[in-house]
Amino acid sequence: MRIRQRQWSILLAGFAVLGLTGCDPSPPDATSEAPSPIPVSVMTLEAADLSVTEDLPGRVLAVRTAEVRAQVTGIVKRRLFEEGRDVEAGKTLFQIDPAPFKAEVDIASAALQRAEAMLAQARIKADRLGSLRRSEAVSRQTYDDAASLRDQATADVAQAKATLARRKLDLQFASVEAPIDGRIDQTLVSEGALVSPTDTTPMARIQQIDQVYVDVRQSASALETLRRQTGAATPALTVEILGSDGKPLGMQGRILFSGTQVDTGTGDVLLRVLVDNPQRRLLPGLYVQARVPRAHYPTALSVPQQAVTRTAGQASVWVVDAQGQARPVAIELGELVARRYRVVSGLSAGQQVVIEGIERLSENARVTPRSWHPVGASEPYDTRESSDIREQFTAAAR
């Protein structure tokens with residue numbers, strides 16, 4: 001019996017201790033400090049001129065291309081140019097054997113002399129019979145026959161002259177000349193080859209490349225936006241030419257025209273750009289890129305890409321107010337240019353946007369703003385300030 005009473009006493013004492021422990025919580029530490037401000041890097045928005053461009057692939061075309069062809073049939077005697085050199089219009093490139101054509105000229109010249117002699121005889125006879133006809137010494141029929149022979153002789157002379165002119169032209173065509181100024185490619189025929197006007201292969205090709213075309217394709221919607229901004233059917237804007245690796249070549253061109261038909265498969269239209277090429281750096285067929293303007297905004301606001309966060313498809317940035325507190329602001333974004341978004345709406349010039357330190361922010365959190373310096377910018381990057389911010393981040397994390 002005593003043992004049981006003792007066990008109940010111990011049990012009641014235990015319950016009493018538990019009750020006292022649950023009813024006597026330790027009071028909060030009234031001396032605990034408020035959370036320290038969060039260090040962030042901010043940028044003050046400023047309106048600036050912004051040009052939006054698009055890099056489009058394109059091919060280089062010669063301004064003019066001419067195929068050198070034979071206009072007469074003959075044997076090539078000489079080649080009078082050096083391959084890969086510039087030639088002027090009218091320069092003799094090939095010499096076809098002229099001997100047959102000279103003989104044809106001589107034959108035509110002799111035929112003309114005979115026709116002229118026959119004409120002179122027919123005129124004398126017609127004049128003599130004309131005098132006799134006035135005195136009625138010959139019949140009307142005799143005079144008419146003489147006059148007809150005179151007219152036929154006149155026509156024979158005209159035909160002989162035309163034949164002679166044609167034979168002289170063939171002799172001239174024996175010297176194959178350059179039809180345009182430009183750079184001549186390799187020769188496609190050699191000395192001793194028989195050429196004719198019906199050949200499918202030209203003798204050589206000449207391309208004018210001191211100026212070249214760059215044909216690119218741009219979406220019809222982008223072209224329409226550009227037209228609205230410039231107010232012209234064909235925008236007179238400067239186009240920068242880039243190499244195949246995307247590096248600028250230091251060459252610029254201007255848009256000549258846009259195509260009149262939209263590709264139903266891609267929705268693109270053709271843009272032709274004229275580029276000065278005095279050093280012949282751009283060769284026909286070369287693949288290049290053209291930096292074509294898409295839009296221009298004289299007073300645009302932009303924020304770095306890293307400052308933008310998205311929640312359920314809605315873009316927003318963190319803004320620091322006058323009280324040093326951060327709050328998210330929903331914005332509408334435009335084009336992305338050089339890793340910076342154009343802000344369509346939601347922000348105004350003079351506001352401070354948080355660029356670095358976004359991951360630790362919450363609504364109305366107190367912050368310590370520092371100026372943001374992008375790495376690689378023209379301004380020197382303050383490594384000491386960046387180090388201080390990292391130290392403050394580390395301390396806050398601890």
Side-chain angles (χ1 to χ4, degrees), residues 64-82 86-182 184-185 187-208:
R64 290 195 297 173
T65 301
E67 293 184 342
V68 180
R69 293 183 177 273
Q71 299 187 62
V72 293
T73 301
I75 301 297
V76 177
K77 299 288 289 185
R78 288 183 298 166
R79 174 171 61 87
L80 304 174
F81 67 91
E82 186 175 351
D86 291 336
V87 295
E88 298 180 353
K91 174 182 173 57
T92 301
L93 304 177
F94 296 93
Q95 181 62 61
I96 299 175
D97 187 4
F101 308 105
K102 289 181 179 179
E104 293 291 337
V105 169
D106 294 340
I107 293 172
S109 180
L112 175 59
Q113 293 178 7
R114 178 177 178 177
E116 289 176 342
M118 296 295 293
L119 175 61
Q121 182 180 4
R123 283 176 176 173
I124 294 173
K125 184 176 181 180
D127 292 341
R128 183 183 305 115
L129 293 177
S131 301
L132 296 176
R133 178 69 186 90
R134 285 191 293 271
S135 62
E136 296 183 355
V138 294
S139 65
R140 176 75 180 185
Q141 182 64 44
T142 302
Y143 172 74
D144 291 342
D145 292 343
S148 177
L149 291 175
R150 179 195 59 195
D151 296 339
Q152 290 179 15
T154 302
D156 291 341
V157 169
Q159 182 178 5
K161 287 182 178 180
T163 301
L164 177 61
R166 177 60 191 178
R167 297 296 177 259
K168 288 182 177 180
L169 190 60
D170 290 343
L171 178 60
Q172 181 181 347
F173 286 157
S175 299
V176 182
E177 300 177 349
I180 62 172
D181 295 335
I184 192 166
D185 205 346
T187 180
L188 301 178
V189 297
S190 60
E191 290 86 345
L194 175 65
V195 294
S196 69
T198 59
D199 291 341
T200 57
T201 302
M203 303 177 72
R205 290 186 178 90
I206 301 175
Q207 294 179 319
Q208 184 179 342

In terms of heavy-atom contacts, does CD of Q121 have more than 12 from other residues, nucleotides or ligands at under 6.0 Å?
-> no
Side chains of Q208 and R64: do they bring a donor and an acceptor to under 3.5 Å?
-> yes
L171 versus F101, closest heavy-atom pair with distance | CA-CB, 3.7 Å
Tightest non-hydrogen contact, residues A146 and L129, listed as CB-CD1, 3.2 Å
Please report the C-alpha distance between R166 and D170 in whole Å, then the side-chain angles of each, then the deciding distance to 0.1 Å, and finally whether the salt bridge (Lys or Arg N to Asp or Glu O under 4.0 Å) criterion is met.
-> CA-CA 6 Å; R166 177 60 191 178; D170 290 343; 3.3 Å; yes
For the pair E191 and Q95, evaluate side-chain contact (heavy atoms from CB on, under 4.5 Å) and give the outcome as yes or no after the intermediate values.
-> CA-CA 9 Å; E191 290 86 345; Q95 181 62 61; over 6 Å; no
Hits for side-chain hydrogen bond (donor to acceptor under 3.5 Å, both in side chains) against R150, two or more places apart or cross-chain, chain-then-number order -> none
Does the T163 side chain pair with the main chain of Q159, one donor and one acceptor, at a distance under 3.5 Å?
-> yes
Identify, with sequence neighbours excluded, every residue that meets side-chain hydrogen bond (donor to acceptor under 3.5 Å, both in side chains) alongside E104.
-> R167
Please determine, by modelled atom types, if D199 and S196 share a side-chain donor-acceptor pair under 3.5 angstrom.
-> yes
Would you confirm whether D145, through its side chain, and T142, through its main-chain N or O, come within 3.5 Å as a donor-acceptor pair?
-> no
Is there a donor-acceptor contact under 3.5 Å linking the side chains of E177 and T92?
-> no
Between the side chain of R69 and the main-chain N/O of Q71, is any donor-acceptor distance below 3.5 Å?
-> no
Locate the shortest heavy-atom distance separating V157 from L112; write the atom from each residue and the value.
-> O-CD1, 3.5 Å
Would you call R123-D127 a salt bridge at under 4.0 Å N-O?
-> no
Taking all atoms of both residues into account, what is the closest heavy-atom pair of A70 and V195, and its distance?
-> CB-CG2, 3.7 Å
